[in-house]
Protein chains: 2
Amino acid sequence: MTTLSNTFAALGDPTRFAIVERLLQDGELPAGTLHSVSDLSAPAMSRHLKVLRSAGVVRQRVDKQRRLYSIDPNAMQAINDWAMSYPKFWAKSLDRLDAALKEDR
Amino acid sequence: MTTLSNTFAALGDPTRFAIVERLLQDGELPAGTLHSVSDLSAPAMSRHLKVLRSAGVVRQRVDKQRRLYSIDPNAMQAINDWAMSYPKFWAKSLDRLDAALKEDR
DNA sequence: TCTTTAATTCCACTTTTCGTTAATTAATGC
DNA sequence: GCATTAATTAACGAAAAGTGGAATTAAAGA
């Protein structure tokens, strides 16, 4: 079972957090692309992706000899649900969400 | 400066995550209460609180010889903002928020 | 089949984190 | 002033995480 604390631990490493932001921006990307942009070795990148995968933050899809990675929406959902689960802290969130929605119009 | 990755790192430890949940439930609590409930030594608890503090997750207030800890709402806000910042992942969140608000009526 | 490409696992090493006990700081109350 | 309470910092050892290079697996393509 993947706990939320586990999810946070995965996101707690700056390298992995950067990977996640990249995937949120660009959608699905192969491991190779992710590693070629950073100054990490391929093995290091591979291990980070493994951590993210076993924490349920990213998903892996196999296409020929490539591994395509993308964000698992459930993880984002879980974080959101948790951060929103204490009524005390809702008010501001609702205001901001509202503002963001208006901008989008 | 406190980065979000830093915040996640603080929450990534199961002990610290438990502390945060406790504070979200009960509001402000002294260090002593937090440590007496856990099976950790006082110094260990103190260091966890320090990590949470320097990550901006909790606040410390001094009252006589006690240190009272509470959640810093800005941290929850920051997590929320981040998890909500990618339009792709909004739809479900809005549904859930809506449902939660109805329940509250 | 043989070479190339993509990615992972294995191994040795270093750094960081976490926990305990002991010592320290600081405020309270007799 | 002196003992007590609350919490932190100091010192040290054990465990975990993170890294690069080498070896390995697996598919592609000439």
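Model, not experiment: these values are computed from the prediction.
At C:dA6, none of the side-chain N or O atoms of A:Tyr69 fall inside 4.0 Å of OP1 or OP2 (strictly under the cut-off). Contact annotation: A:Ser46 side-chain N/O to C:dA7 OP1/OP2 distance is not under 4.0 Å. A sub-4.0 Å separation between OP1 or OP2 of C:dT8 and a side-chain N or O of A:Gln60 is present. Note on A:Arg16: a side-chain N or O is less than 4.0 Å away from OP1 or OP2 of D:dG18.
Regarding A:His48, its NE2 atom lies at a distance of 13 Å from the P atom of C:dT8, rounded to whole Å. When the P atom of D:dA6 is taken as reference, atom CG of B:Leu34 falls 14 Å away, rounded to whole Å. When rounded to the nearest whole Å, the span between CG of B:Leu68 and P of C:dA27 equals 15 Å. The separation between B:Lys50 atom NZ and C:dC18 atom P is 13 Å, rounded to whole Å. Rounded to whole Å, atom P of D:dA6 lies 13 Å from atom NZ of B:Lys64. Rounded to whole Å, atom C1' of C:dT15 lies 13 Å from atom CG of A:Asp13. Remark: C1' of C:dA7 and CZ of A:Arg67 are 6 Å apart, rounded to the nearest angstrom. A:Gln65 has its CD atom 6 Å from the C1' atom of D:dA28, to the nearest Å.
Within the nucleic acid shown, B:Pro43 comes within 4.0 Å of at least one base atom, counting heavy atoms only. A:Ala42 comes within 4.0 angstrom of a base, heavy atoms only. In this structure, B:Leu40 reaches the sugar-phosphate backbone alone: every heavy-atom distance under 4.0 Å involves primed, P, OP1 or OP2 atoms, never a base.
Aromatic ring orientation, B:Phe17 versus A:Phe8: tilted (interplanar angle from 30° to 60°).
Listed nucleotides D:dG20, C:dG19, D:dT19 differ in distance to A:Thr15; the shortest reach to its side chain belongs to D:dT19. Among the nucleotides C:dT8, C:dT20, D:dA7, the one closest to any side-chain atom of B:Ser41 is C:dT20. Nearest to the side chain of A:Arg53, among C:dA27, C:dT8, D:dT8, sits C:dT8.
Scanning all heavy atoms of the two residues, the minimum distance from B:Leu49 to B:Val58 falls at O-CG2, 4.1 Å. Listed here is the closest heavy atom pair of A:Arg66 and A:Pro30: NH1-CG, 4.1 Å. Nearest heavy-atom pair, A:Ala55 versus A:Asn6, reported as atom, atom and distance to 0.1 Å: CB-O, 4.0 Å.
Each of B:Leu52, B:Leu11, B:Asp13, B:Val57 was evaluated against B:Ile19; a single residue qualifies, B:Leu52, per the side chain to side chain contact (heavy atoms under 4.5 Å, CB included) test.
One cannot find a donor-acceptor pair under 3.5 Å joining the base of D:dG18 and the side-chain atoms of A:Arg47.
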